[in-house]
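What follows is one structure encoded as structure tokens, with my remarks underneath.
One-based numbering, in listed order, for ligands and for the atoms of each. The first residue in the sequence is number 1, and the count goes up from there.
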Amino acid sequence: MSRQSGILVQNAQQVVLVCNNGEKYLTRKAMQDLAVLHDASLVIGRNGLIEAVGTVDAIQSQYQDTVFDRVIDASGMCVLPGLVDAHTHPVWVGDRVHEFAMKLAGASYMEIHNAGGGIHFTVEHTRKASEEELFECLKKRLQRMIRAGSTLVECKSGYGLNLETETKMLRVIDRARRELDIDISSTYCGGHSIPKGKTVEETVHDITNTQLPKLKQLMLKGEVHIDNIDVFCEKGVFDLESTSTILQAGKEMGLHINFHGDELHPMKAGELGAKLKALAISHLEEVSDDGINDMAIAKSSAVLLPTTAYILRLKSPRARDMLEAGVIVALGSDFNPNAYCFSMPMIMHMACVNMKMSMSEALAAATINAAYSLGRSQTHGSLEVGKRGDLIIINSPRWEHLIYQFGAHQELIQCVIVRGKVAYENKNCLGYY
Ligand SMILES: N=CN[C@@H](CCC(=O)O)C(=O)O
Ligand SMILES: [Zn+2]
């Protein structure tokens with residue numbers, strides 16, 4: 001009797017495993033030297049996990065008696081792990097296209113923020129929105145991310161700044177995690193800004209004495225799921241001490257520390273994150289040399305966000321210094337109303353051009369290292385047997401086209417598979433020409 005299995009992706013020109021020895025992250029030279037199979041096939045079992053990956057011949061003989069639910073011919077194409085977006089703010093209403101115009105005319109991010117715009121503008125609108133309305137927005141945005149190849153996305157709250165709206169946002173993220181064909185890492189970011197009319201002290205007190213204890217109860221009851229805690233550590237927002245207080249309170253609840261630091265001003269966020277054993281620190285445009293060294297030793301990953309420097313016309317983070325020091329470098333889109341970008345292929349391209357990363361480094365940063373930054377690299381971020389069946393098939397004979405062709409992912413990404421299920425298929429994909 002014949003065996004049965006899930007999906008066979010066969011005859012691919014290249015299957016980019018990224019790594020194949022159970023590595024939890026890649027640094028330095030290992031990021032240059034990704035594991036790639038040529039003329040290869042891959043099998044995802046009905047349990048949604050990768051069952052086998054190898055040369056076309058090897059898979060053919062191993063599975064000759066197997067009937068698959070679906071066979072995908074990837075002749076002339078490349079298979080890559082699903083992309084991991086390590087930093088997004090996707091739950092909000094009220095776009096800020098008017099602020100984009102202000103920034104183009106010369107206003108800085110903090111000028112707009114201090115004048116009551118920026119995060120405050122989004123908070124005002126998000127507080128008024130219904131849970132259903134927020135879910136519909138999030139759903140559309142996540143679908144756009146899937147179409148751009150992301151299969152695991154970090155999603156932050158942070159446009160509530162009070163218990164009611166932060167909880168509403170986290171419930172919306174949790175619903176997306178349960179209902180949509182995409183994996184989510186959920187981040188409580190109640191420390192995203194100081195709410196209007198409050199002091200830093202009052203805000204820290206509210207977060208540590210009201211919001212976090214209540215969220216802990218909801219987590220225990222299974223009403224909400226949170227993975228990470230985040231704070232915007234920045235001059236005029238949360239200083240080092242208040243950041244540390246909030247992050248430690250979150251860590252005591254079992255959350256991973258994953259915060260915004262050293263973005264617009266040097267704050268010694270790299271040093272603080274390393275001391276607190278943060279899993280991830282984002283931005284780091286202004287990180288110090290000591291911060292870089294401490295992060296390398298502590299294995300606190302650097303989540304670099306090329307859109308920030310691009311949109312705000314700032315200097316880019318020192319990716320090369322971090323890579324040379326052995327920091328675990330990851331990438332994120334930073335999708336938010338200030339930086340409206342869903343596309344990790346574009347992020348990788350920008351990381352290569354503006355931050356001087358190689359294409360291999362950028363792919364490692366957008367897969368295995370981004371998964372590490374979310375504590376998920378045991379299950380995500382590479383195409384290895386036993387890991388999640390999350391992959392993308394691109395219509396080009398070399399995987400690098402996904403990065404090289406700036407803004408062309410919609411003509412390259414033929415298929416996105418999440419947990420062994422086809423989450424997106426582009427039958428009209430024109431290909432790499
Ligand atoms: N810097 C803080 N947070 C976001 C921006 C959020 C917003 O402006 O709405 C970021 O990562 O870029
Ligand atoms: Zn952010």
Side-chain angles (χ1 to χ4, degrees), residues 85-100 102-103 107-127 129 134 137-138 141 153-161 165-166 169 173 185-196 228-239 243 246 257-267 269 273 278 280-287 301-317 330-342 347 350 370 373-374:
D85 189 340
H87 183 131
T88 81
H89 304 251
V91 190
W92 48 268
V93 292
D95 66 62
R96 305 213 307 252
V97 66
H98 57 288
E99 288 185 4
F100 184 53
M102 288 159 76
K103 280 173 286 205
S108 76
Y109 182 81
M110 271 317 202
E111 277 163 7
I112 294 173
H113 181 87
N114 292 334
I119 294 173
H120 300 297
F121 177 92
T122 311
V123 167
E124 215 174 291
H125 287 74
T126 305
R127 282 183 179 174
L134 287 173
C137 288
L138 175 62
R141 291 169 189 155
V153 175
E154 186 262 6
C155 298
K156 299 177 195 294
S157 68
Y159 293 122
L161 311 181
T165 308
E166 287 297 316
M169 294 181 75
I173 295 170
S185 179
S186 171
T187 302
Y188 164 71
C189 188
H192 198 195
S193 188
I194 312 296
K196 278 186 183 162
N228 319 293
I229 179 140
D230 192 351
V231 174
F232 186 14
C233 179
E234 181 56 53
K235 193 170 158 194
V237 192
F238 291 95
D239 60 17
T243 301
I246 297 171
I257 295 181
N258 183 329
F259 71 109
H260 292 69
D262 292 330
E263 177 185 350
L264 305 168
H265 297 90
M267 300 290 292
I281 309 168
S282 286
H283 284 293
L284 298 164
E285 286 81 357
E286 299 288 343
V287 70
S301 59
V303 177
L304 305 184
L305 310 169
T307 47
T308 309
Y310 171 74
I311 286 165
L312 302 179
R313 295 175 172 149
L314 305 173
K315 67 174 192 204
S316 288
L331 288 171
S333 69
D334 195 16
F335 173 77
N336 76 72
N338 172 59
Y340 205 104
C341 175
F342 295 109
I347 293 297
M350 291 167 80
S373 76
L374 304 174

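Nearest protein heavy-atom neighbour of atom 4 (C) of ligand 1: His89 NE2, 3.5 Å. Protein heavy atom closest to atom 1 (N) of ligand 1, with residue, atom name and distance, is Glu263 OE1, 2.8 Å. The protein atom (non-hydrogen) at minimum distance from atom 3 (N) of ligand 1 is His192 NE2, 2.9 Å. Looking from atom 12 (O) of ligand 1 to the surrounding protein, the closest heavy atom is Asp334 OD2, 2.6 Å.
Each protein N/O/S atom under 2.8 Å from the Zn ion (ligand 2) was counted, for a total of 3.
When all heavy atoms are compared, the tightest approach of Val93 to Ala129 is CG2-CB, 3.7 Å. Of all heavy-atom pairs spanning Phe259 and Gly273, the tightest one is CE2-CA, 3.7 Å. Contact record, Cys155 with Ile173: O-CD1, 3.6 Å, taken as the closest heavy-atom pair. In terms of heavy atoms, Cys189 sits closest to Lys156 at CB-CB, 4.2 Å. Residues Ala370 and Ala86 approach most closely at CB-CB, 4.0 Å, considering heavy atoms.
The aromatic rings of His260 and His192 sit tilted, their planes meeting at an angle between 30° and 60°. Using cut-offs of 30° and 60° for the angle between ring planes, the His89 and Tyr159 rings count as tilted.
Below 3.5 Å of separation, one finds an N or O of Arg96 facing an N or O of ligand 1. Polar contact check, Thr122 against ligand 1: no nitrogen or oxygen pair lies under 3.5 Å apart.
Only side-chain heavy atoms of His260 come within less than 4.0 Å of ligand 1; its backbone N, CA, C and O stay farther off. Residue-level proximity to ligand 1 for Ser282 is absent, since no heavy atom of it falls below 4.0 angstrom. Looking at His113 against ligand 1, nothing comes within 4.0 Å, counting heavy atoms.
No option in Thr187, Thr88, Asn258 other than Thr187 meets the side chain to side chain donor-acceptor pair (under 3.5 Å) test with Glu154.
Remark: ligand 1 atoms within the under-4.0 Å shell around heavy atoms of His87 are 11 (O). Of all the atoms in ligand 1, the ones that sit under 4.0 Å from a non-hydrogen atom of Asn338 are 8 (O).
By the ring pair (Phe, Tyr, Trp, His ring centres under 6.0 Å) test, Tyr340 is found to be paired with Phe335, Phe342, residues two or more places apart in sequence or in another chain being considered.
Heavy-atom distances between Pro337 and ligand 1 reach below 4.0 Å in at least one pair.
In this structure, Glu285 CD and Ser316 OG are separated by 7.5 Å, a value rounded to the nearest 0.5 Å. The distance from the OG1 atom of Thr165 to the CD atom of Glu124 is 12.0 Å, given to the nearest 0.5 Å.
Side-chain atoms of Thr126 and Leu134, non-hydrogen and from C-beta on, do get closer than 4.5 Å to each other.
Which of Tyr159, Trp92, Tyr109, Phe335 comes nearest to atom 5 (C) of ligand 1 through a heavy atom is settled by distance: it is Tyr109.
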